[in-house]
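Here is the naming used below: chain letters follow the sequence lines, and residue numbers restart at 1 for every chain.
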Protein chains: 2
Amino acid sequence: MKSARRDSRTRILDAARRTFAARGYTGAGVDHIARLARVNKAMIYYHFASKQTLYRTVLQELFAALADHLRAVLDRPDPPAVRLDRLIAAIAAFVQERPYFPRIMLREIAEGGTRLDQETLRLMSALPQVTAAIIAQGRTDGTFRDVHPLLTYFSVMGPIVMFLGSAPIREQFAQRLLVPGAGVDPDAFIGHLQEFVQRGVAAGAAARAASAAAPPRRRTTV
Amino acid sequence: MKSARRDSRTRILDAARRTFAARGYTGAGVDHIARLARVNKAMIYYHFASKQTLYRTVLQELFAALADHLRAVLDRPDPPAVRLDRLIAAIAAFVQERPYFPRIMLREIAEGGTRLDQETLRLMSALPQVTAAIIAQGRTDGTFRDVHPLLTYFSVMGPIVMFLGSAPIREQFAQRLLVPGAGVDPDAFIGHLQEFVQRGVAAGAAARAASAAAPPRRRTTV
DNA sequence: GTCTATACTTCGATAGAC
DNA sequence: GTCTATCGAAGTATAGAC
């Protein structure tokens, strides 16, 4: 049985998550991770076959935990609008316990999935799938309008990951450019997004702001 | 005067944009950029003082062009809802001519702005500023409800950058996991987002889907 | 402006003692 | 399980010929 104290493997994984989030895969040196974990560099290779294996372990644990967390939203017998609120709250809660998560996700998307193995890819797919299930339910019972499930997923996940992952750069703006934005309360953002998304998907006569002078909807290129 | 043919400096910048987008700052080797640009590695150091200078040049040119592009939206005397549609269309048009842009932006946000100089930071701030100006106009004339300008900015920019930047990883999902999503038309997404955002900001009685059984709005943690 | 050759550093990874 | 020492590859950058 493992010791009660956090063992070296746990500390390595913890340091790896933070370092990969802050510096990216190539930017994160094994030496740096070792120092942060307070272990010798060789210990990393004792526990993990390679840097790539370490990275994949980090990603799989992360996306497996998130998938579990989100599927719980579907366990309750709630109406779709409530589920949508809970989905957003669940993602936000997950991220607030793991501030490194959105930055890793942003990087993986930018990377194009070139470093992802099949299993990680599969775990990641739970996010759009859970979202799509909620959308489908809402369209069936008539509370949601005819929104595209995948496009709606990006309209929900995009703001969450971008806003919560941008905390460090917003800090830079605040410090070096005298622009506000660093002090915005994450909870205020979640409330905003819930309201924003509910209005975005709700069925009912558009009540579109520009209804009269509706502009050409595509590519006006200004 | 420079030759009519694209000179080496232009080819280097072009190769650098693509390589930084695909591999990130640390992952992008100067050798690789040189090969892609069909120039000798030393040529890069003839035109640019260092890899970092090259990177900053790429970012500044990019965000300066985008800032110009977006400020044009404010030049026309349009009502706020129209401007909002045009803003989304303008960003989308900009990105479709520069597919590398969203990936670079995702990476910089994840990076936390540690590599950004003051000038680049200033250029980047045009995005939330233009958005905020449109929101302010809509709140003044009563067509928009009481939305937070910065939070709304993230609700607009987040989906755009995430969706358009995720084209490569969606391709991975399609190929290796038999999940659809690669074939989604970018124009369909833009139309979706315009409608979604208009509904999100429009003034008027919420018409919220879950109006009756409105759930606790914060952190239900499932 | 362009190229070859190379100096210098950093980084991932391993051997082998304890 | 943990540490020291080190190898070999890759990466940034520069000197100097043409």
_Once you apply a heavy-atom cut-off of 4.0 Å, does A:A28 come out as touching a base, just sugar-phosphate, or nothing?_
sugar-phosphate
_Candidates D:dA13, C:dA15, C:dT2 - which lies nearest the side chain of B:S50_ = D:dA13
*Would you mind telling me which of D:dT12, C:dC3, C:dT2 lies closest to the side-chain atoms of B:A42?*
C:dC3
*Of A:G27 and A:A49, whose closest DNA chain C nucleotide lies nearer the 5' terminus?*
A:G27
In whole Å, I'd like the distance from the [atom1] atom of [X] to the [atom2] atom of [N].
X: A:H47; N: D:dG1; atom1: NE2; atom2: P; value: 6 Å
X: B:I12; N: C:dG1; atom1: CD1; atom2: C1'; value: 11 Å
X: B:D31; N: C:dC3; atom1: CG; atom2: P; value: 14 Å
X: B:N40; N: D:dT14; atom1: CG; atom2: P; value: 15 Å
X: A:K51; N: C:dT14; atom1: NZ; atom2: P; value: 14 Å
X: A:F48; N: C:dG12; atom1: CZ; atom2: P; value: 15 Å
X: B:K41; N: C:dT4; atom1: NZ; atom2: C1'; value: 11 Å
X: B:Y46; N: D:dA13; atom1: OH; atom2: C1'; value: 17 Å

Side chains of [X] and [Y] only: does a donor on one sit below 3.5 Å from an acceptor on the other?
X: A:Q175; Y: A:E171; value: yes
X: B:T114; Y: B:E111; value: yes
X: A:T152; Y: A:S155; value: no

_If the cut-off is 4.0 Å, is A:Y45 near the phosphate of C:dA13, judged by side-chain N/O to OP1 or OP2?_
yes
_D:dT2, OP1 or OP2 - any side-chain N/O from A:S8 closer than 4.0 Å?_
yes
_Do A:R170 and B:F154 form a cation-pi contact, if we require the NZ or CZ to be under 6.0 Å from the six-membered ring centre and within 45 degrees of the ring's axis?_
yes
*For the residue pair A:F20 and A:Y55, is the inter-centroid distance of their aromatic rings smaller than 6.0 Å?*
yes
